[in-house]
Amino acid sequence: MADSSRTNKRSSVEGEAQDSKRIKTNGDEKYNPYLAHLNEDNGNYSNSPLDKMHRHNTTALEASRAEDSDLNPWTGRRHSENYFKILKTRRDLPVHKQRQEFLDMYHSTQILVFVGETGSGKTTQIPQYVLYDELPQTHGKLIACTQPRRVAAMSVAQRVANELDVQLGEEVGYSIRFENRTGPKTLLKYMTDGQLLREAMHDPEMSRYSCIILDEAHERTLATDILMALLKEIAQRRSDLKIIVMSATLDAQKFQTYFSLRKEDPPAPLLAVPGRTFPVEIFYTPEPERDYVEAAVRTVLQIHAVEPEGDILLFLTGEEEIEDACRRISLEVDDMVRESDAGPMSIYPLYGTLPPHQQQKIFDKAPEPLKKGGRPGRKCIVATNIAETSLTIDGIVYVVDPGFSKQKIYNPRSRVESLLVSPISKASAQQRAGRAGRTRPGKCFRLYTEKAFKKELIEQTYPEILRSNLSNTILELKKLGIEDLVHFDFMDPPAPETMMRALEELNYLACLDDDGNLTRLGSMASEFPLDPGLAVMLISSPEFYCSNEILSITSLLSVPSIWIRPNNNRKRADEMKAQFAHPDGDHLTLLNAYHAYKGAEQNGEDVKNWCHEHFLSFRHLSSADNVRAQLKRIMEVNEIELISTPFQNKDYYTNIRRALLAGFFMQVAMRESSNSKVYKTVKDDQLVLIHPSTSVTNTYDWVVYNEFVLTTKQYIRTITNIRPEWLLEIAPVYYDVDSFEKGEIKSALVRLNEKVRRRQAMKGGR
DNA sequence: GAGCACTGC
């Protein structure tokens with residue numbers, strides 16, 4: 001059956017392929033097979049086994065033959081010995097057995113859903129199967145495979161380049177922020193999902209690609225969700241574009257249903273490949289645990305006492321909890337070694353803000369027995385969710401899962417994103433358990449009851465799109481040409497209130513006009529990889545004669561904090577920070593620190609050392625520098641002037657403070673009353689305190705703040721003193737007195753208006 | 001007088 005349908009299609013497909021050969025698709029003669037002989041190192045298409053293959057009508061056998069040949073069909077060079085070694089292991093992967101089945105399905109449909117568990121080889125193999133069927137060199141369109149994380153895009157691209165026996169950056173490449181390793185010969189490109197989205201803003205039809213593979217779609221990152229919706233639309237206009245959605249098994253059906261293009265269409269076809277993992281035995285507690293950290297520590301010690309050799313992975317929710325648990329485990333293990341001859345244990349904390357060299361330590365070997373023939377040592381890693389997806393550690397046999405993680409939640413009413421310790425989902429619990437079975441059969445100890453697992457845990461973690469502020473997303477979608485956001489076909493549509501809040505904010509920022517259309521400012525703002533407020537501030541900054549400085553501040557605000565404050569040296573760190581402090585605000589303090597850093601660099605100092613001495617993060621300062629360079633390029637393209645007020649000019653800092661308001665006029669707070677430390681945010685009247693990390697010692701009546709943080713109390717963090725008159729001048733629409741509820745802020749604005757009017761009248765009278 | 005789940009452009 002399958003064979004005859006393939007033969008039937010052959011004629012028409014062949015016609016297409018020849019057509020596309022005649023057309024020079026991308027203006028680069030290297031891609032035109034008729035000119036290929038002019039190109040010495042790329043001229044083997046005419047003898048290549050690929051020549052006999054017909055696009056969208058190839059077989060697994062043909063591909064295998066091409067792969068087996070002495071000459072590399074993609075480069076014309078002789079295959080290395082290593083290539084054949086790798087080829088052999090590739091053919092042992094579970095996915096290999098289904099290559100023909102995959103091709104049959106790929107040929108018969110425009111969109112297909114592919115599920116494969118870890119170890120199936122889907123991320124490396126499927127794009128290569130597609131490559132041997134798409135034959136991109138005949139028509140010049142690329143194959144893209146997206147990943148949620150940069151490291152994955154880089155390492156998988158390297159792996160696949162090795163498998164195909166080509167140089168990374170040539171036929172196989174990757175593209176991530178700050179690094180594009182692709183070239184004119186590139187046929188297969190790994191990239192982050194965010195990067196593809198950014199490309200789409202300039203190429204909304206994604207016309208450079210003939211096939212787009214979305215990997216790890218089950219993670220449901222914001223970018224993946226937008227891409228899915230976008231691709232679903234594009235697919236209806238571009239019948240030549242193929243789409244593969246790759247996911248873990250659990251939610252395959254949801255993807256299938258979603259990717260049925262029209263209501264009357266059947267669900268998108270599904271291909272499933274088994275993974276290669278070992279069984280993991282699950283244990284539950286008979287009763288709910290009151291204190292999960294305590295229970296987790298106890299469980300780890302118990303494993304160490306009675307279970308055979310094998311490393312332990314414990315999931316907790318954050319840095320503090322992890323460091324605390326590590327200390328407690330370490331003390332107890334010392335006792336066990338002394339009292340009951342237990343084996344040694346190395347304990348490693350693991351969380352995202354840990355510097356990379358400390359993260360690397362988790363890959364150290366487990367310790368040797370203390371004496372010859374003694375009880376074996378083991379490794380215990382205490383990690384956040386980072387070990388659930390981003391980092392895989394081989395050798396884990398025991399997983400301890402208390403069932404919690406910190407999750408971002410967004411409250412559209414108060415417009416606050418915050419982190420909350422919440423129960424994980426079933427999918428997460430399953431993923432965590434799976435970490436125990438990567439190298440041999442393992443055990444997972446869940447510190448909750450089986451009933452709680454079945455009845456209380458939700459199936460899937462809510463996708464990010466339902467838990468985020470969408471201002472940035474909405475701006476991107478407008479730039480992508482989506483007019484009707486209300487009917488835009490998201491897999492999980494965000495709450496209308498979240499959308500309304502985003503539209504409202506973008507309207508106040510003048511990125512959208514009153515009809516919801518993208519303005520010139522909005523279009524320009526979308527070019528920057530920044531939140532809309534920051535982008536608008538940056539674009540407006542030449543009007544305040546300080547775009548150089550605002551560019552620096554913007555970069556510093558878009559990287560993690562540059563201030564280091566070690567627990568054992570807080571005082572010294574604070575003293576150092578005070579050296580950079582500007583009395584008027586933290587934004588200016590940041591700028592001072594950055595200028596000092598650049599100064600040290602220009603003086604030829606050892607900057608790493610200089611940062612260390614000044615309790616500044618070299619890592620984050622240099623990444624701010626990277627961001628600055630990228631933003632600067634975008635400014636130049638958009639002809640946004642780079643200017644400074646001379647430092648000697650008395651308005652140097654005033655201009656910067658005023659410029660901050662151009663993007664952050666909605667993030668202003670007024671002191672509740674003189675002699676109070678409590679502030680009230682404008683319009684939404686939240687009572688807040690200034691975050692203790694501030695370098696500002698004076699108490700000002702009006703401040704602009706960078707972020708609202710909800711922890712033990714409500715704080716505003718990174719603040720700068722402003723004059724309220726500036727608000728009337730810079731954001732007159734937002735500060736229209738009539739739009740304010742009755743209260744202190746409204747009265748203050750009324751008084752302010754009168755003052756301004758009096759002053760103008762006096763000027764006019766003179 | 002706090003804290004920083006994790007990504008990404």
Side-chain angles (χ1 to χ4, degrees), chain A residues 146-153 175-180 191-202 216 219-227 315-324 349-355 359 383-391 404-409 417-422 424 428 461 463-465 467-468 472-473 475-476 479 525-532 534-535 555 558-561 563-567 570-571 574 617 620 623 626-627 630-631 633-634 677 689-695 697 707 709-718:
Chain A
T146 69
Q147 298 291 320
R149 282 167 292 279
R150 285 188 209 162
V151 263
S175 175
I176 58 176
R177 186 182 186 181
F178 304 128
E179 200 182 0
N180 180 4
M191 63 207 300
T192 46
D193 46 15
Q195 185 73 23
L196 181 58
L197 201 56
R198 210 132 262 284
E199 274 188 14
M201 298 203 319
H202 292 279
E216 315 288 5
E219 288 193 28
R220 303 291 306 276
T221 66
L222 246 174
T224 300
D225 268 26
I226 302 170
L227 281 174
F315 284 99
L316 289 176
T317 65
E319 173 174 348
E320 218 181 273
E321 213 173 81
I322 287 171
E323 295 291 353
D324 176 47
L350 175 65
Y351 43 86
T353 46
L354 216 57
Q359 284 191 10
T384 60
N385 252 4
I386 194 170
E388 206 180 291
T389 45
S390 307
L391 270 168
F404 292 96
S405 71
K406 274 193 194 168
Q407 285 167 31
K408 187 174 75 179
I409 50 166
E417 279 183 344
S418 53
L419 286 171
L420 193 72
V421 174
S422 330
I424 59 170
S428 246
T461 311
E464 203 184 352
I465 199 166
R467 299 183 284 121
S468 308
N472 212 354
T473 304
L475 185 64
E476 273 168 11
K479 176 74 170 187
S526 70
E527 298 275 324
F528 291 89
L530 295 170
D531 280 341
L534 281 170
S555 313
S558 29
V559 298
S561 171
W563 312 107
I564 292 179
R565 198 161 182 261
N567 282 330
R570 292 184 187 174
K571 202 162 159 248
D574 290 347
S617 161
H620 298 152
S623 112
N626 245 338
V627 173
Q630 188 192 26
L631 298 178
R633 273 195 303 278
I634 302 173
K677 296 247 173 204
L689 292 170
I690 292 177
H691 197 272
S693 64
T694 187
S695 61
T697 48
E707 57 182 344
V709 261
L710 179 64
T711 52
T712 47
K713 299 190 185 112
Q714 301 201 76
Y715 290 107
I716 48 177
R717 187 159 53 192
T718 314

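Computed from a prediction, not measured in an experiment: that's the story for all the values here. Quick note on labels: first sequence line is chain A, next is B, and so on, each numbered from 1.
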Enquirer: Listed by chain and number, what are the ring pair (Phe, Tyr, Trp, His ring centres under 6.0 Å) partners of A:Tyr715, not counting sequence neighbours?
Expert: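 If we apply the ring pair (Phe, Tyr, Trp, His ring centres under 6.0 Å) test to A:Tyr715, skipping adjacent residues, the hits are A:His691.
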Enquirer: If you look at every strand shown and take non-hydrogen atoms under 4.0 Å, does A:Ser405 touch a base, only sugar-phosphate, or nothing?
Expert: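 No contact at all - A:Ser405 keeps every heavy atom at 4.0 Å or more from the nucleic acid.
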Enquirer: When we call it a touch if two heavy atoms are under 4.0 Å apart, what does A:Gln195 touch: a base, just sugar-phosphate, or nothing?
Expert: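 Sugar-phosphate contact only - A:Gln195 comes under 4.0 Å of backbone atoms but never of a base.
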Enquirer: Grab the NE2-C1' distance between A:His691 and B:dA2 for me, whole Å please.
Expert: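 Answer to the nearest Å: 4 Å.
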Enquirer: Using whole Å, what does the distance between atom C1' of nucleotide B:dG8 and atom CD1 of A:Ile465 come to?
Expert: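 A:Ile465 atom CD1 is separated from B:dG8 atom C1' by 14 Å.
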Enquirer: Should A:Glu216 and A:Gln147 count as side-chain neighbours, where that means a heavy-atom distance under 4.5 Å?
Expert: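 In short, these two side chains touch, coming nearer than 4.5 Å.
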Enquirer: Does A:Arg570 put a side-chain nitrogen or oxygen below 4.0 Å from OP1 or OP2 of B:dA2?
Expert: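 No, no such contact exists.
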Enquirer: Between atom NE2 in A:His202 and atom P in B:dC9, what is the gap in whole Å?
Expert: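 After rounding, the gap between these two atoms is 15 Å.
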Enquirer: Taking salt bridge (Lys or Arg N to Asp or Glu O under 4.0 Å) as the test, write out the residues that go with A:Arg150, two or more places apart.
Expert: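 Partners of A:Arg150 under the salt bridge (Lys or Arg N to Asp or Glu O under 4.0 Å) test: none.
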Enquirer: Tell me what A:Leu197 touches on the nucleic acid: a base, only sugar-phosphate, or nothing, going by heavy atoms under 4.0 Å.
Expert: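 If one applies the 4.0 Å heavy-atom cut-off, A:Leu197 turns out to touch nothing in the nucleic acid.
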Enquirer: What is the separation between atom CD1 on A:Ile409 and atom C1' on B:dA5, rounded to the nearest whole Å?
Expert: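 Rounded to whole Å, this separation is 12 Å.
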Enquirer: What's the closest nucleotide to the side chain of A:Lys713 if the choices are B:dC4, B:dA2, B:dC9?
Expert: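 Closest nucleotide to the A:Lys713 side chain: B:dA2.
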Enquirer: Can you figure out which of B:dC9, B:dC4, B:dA2 approaches the side chain of A:Arg150 most closely?
Expert: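 My answer, after comparing the listed nucleotides, is B:dC9.
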Enquirer: Nearest whole Å is fine: how far is B:dA5 P from A:Glu417 CD?
Expert: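 Going from CD in A:Glu417 over to P in B:dA5 covers 15 Å.
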Enquirer: Check if the side chain of A:Arg565 and the base of B:dA2 share a donor-acceptor pair of N or O atoms closer than 3.5 Å.
Expert: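 Checked by distance alone, the answer is yes.
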Enquirer: From the list B:dG1, B:dG8, B:dA5, which nucleotide is the closest neighbour of the side chain of A:Tyr715?
Expert: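 For A:Tyr715, the side-chain atoms sit closest to B:dG1.
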Enquirer: Take A:Leu350 and A:Glu476, find for each the nucleotide of DNA chain B with the closest heavy atom, and name the residue whose nucleotide sits nearer the 5' end.
Expert: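 This one resolves to A:Leu350.
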Enquirer: Can you tell me if the side-chain N/O atoms of A:Arg717 get under 4.0 Å from OP1 or OP2 in B:dC4?
Expert: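 Yes, within the criterion.
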Enquirer: Establish, from distance only, whether the side-chain atoms of A:Tyr351 and A:Glu323 form a donor-acceptor pair under 3.5 Å.
Expert: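 Judged by distance alone, the side chains do pair up.
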Enquirer: So what does A:Thr389 hit on the nucleic acid, given a heavy-atom distance under 4.0 Å: a base, only sugar-phosphate, or nothing?
Expert: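 If one applies the 4.0 Å heavy-atom cut-off, A:Thr389 turns out to touch nothing in the nucleic acid.
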Enquirer: Report yes if a side-chain nitrogen or oxygen of A:Thr192 is closer than 4.0 Å to either non-bridging phosphate oxygen (OP1 or OP2) of B:dC9; otherwise report no.
Expert: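 The answer is yes; a side-chain N or O of A:Thr192 sits under 4.0 Å from OP1 or OP2.
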Enquirer: To the nearest angstrom, how far is A:Leu530 atom CG from B:dG8 atom P?
Expert: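 Distance, rounded to whole Å: 16 Å.
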Enquirer: Measure from NZ on A:Lys406 to P on B:dT7 and round the result to the nearest Å.
Expert: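 These atoms are roughly 14 Å apart.
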Enquirer: Do A:Ser428 and A:Glu388 meet the criterion of a side-chain donor-acceptor pair at a distance under 3.5 Å?
Expert: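 A donor-acceptor contact under 3.5 Å links the two side chains.
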Enquirer: Please classify the nucleic acid contact of A:Arg149 as base, sugar-phosphate, or nothing, using heavy-atom distances under 4.0 Å.
Expert: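 Since only primed, P, OP1 and OP2 atoms lie under 4.0 Å of A:Arg149, the category is sugar-phosphate.
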Enquirer: Between A:Tyr351 and A:Glu320, which has a closest nucleotide on DNA chain B that is more 5'?
Expert: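 That would be A:Glu320.
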Enquirer: Within this structure, what is the NZ-to-C1' distance between A:Lys408 and B:dC4, rounded to whole angstrom?
Expert: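 Whole-Å distance recorded here is 15 Å.
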Enquirer: Looking at A:Arg149 and A:Glu219, is there a salt bridge between them, counting it only when a charged N and a carboxylate O are closer than 4.0 Å?
Expert: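 Looking at A:Arg149 together with A:Glu219, the answer is yes, because their closest N to O distance falls below 4.0 Å.
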Enquirer: At under 4.0 Å between heavy atoms, what does A:Ile386 touch on the DNA or RNA strands: base, sugar-phosphate, or nothing?
Expert: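 Result for A:Ile386 = sugar-phosphate.
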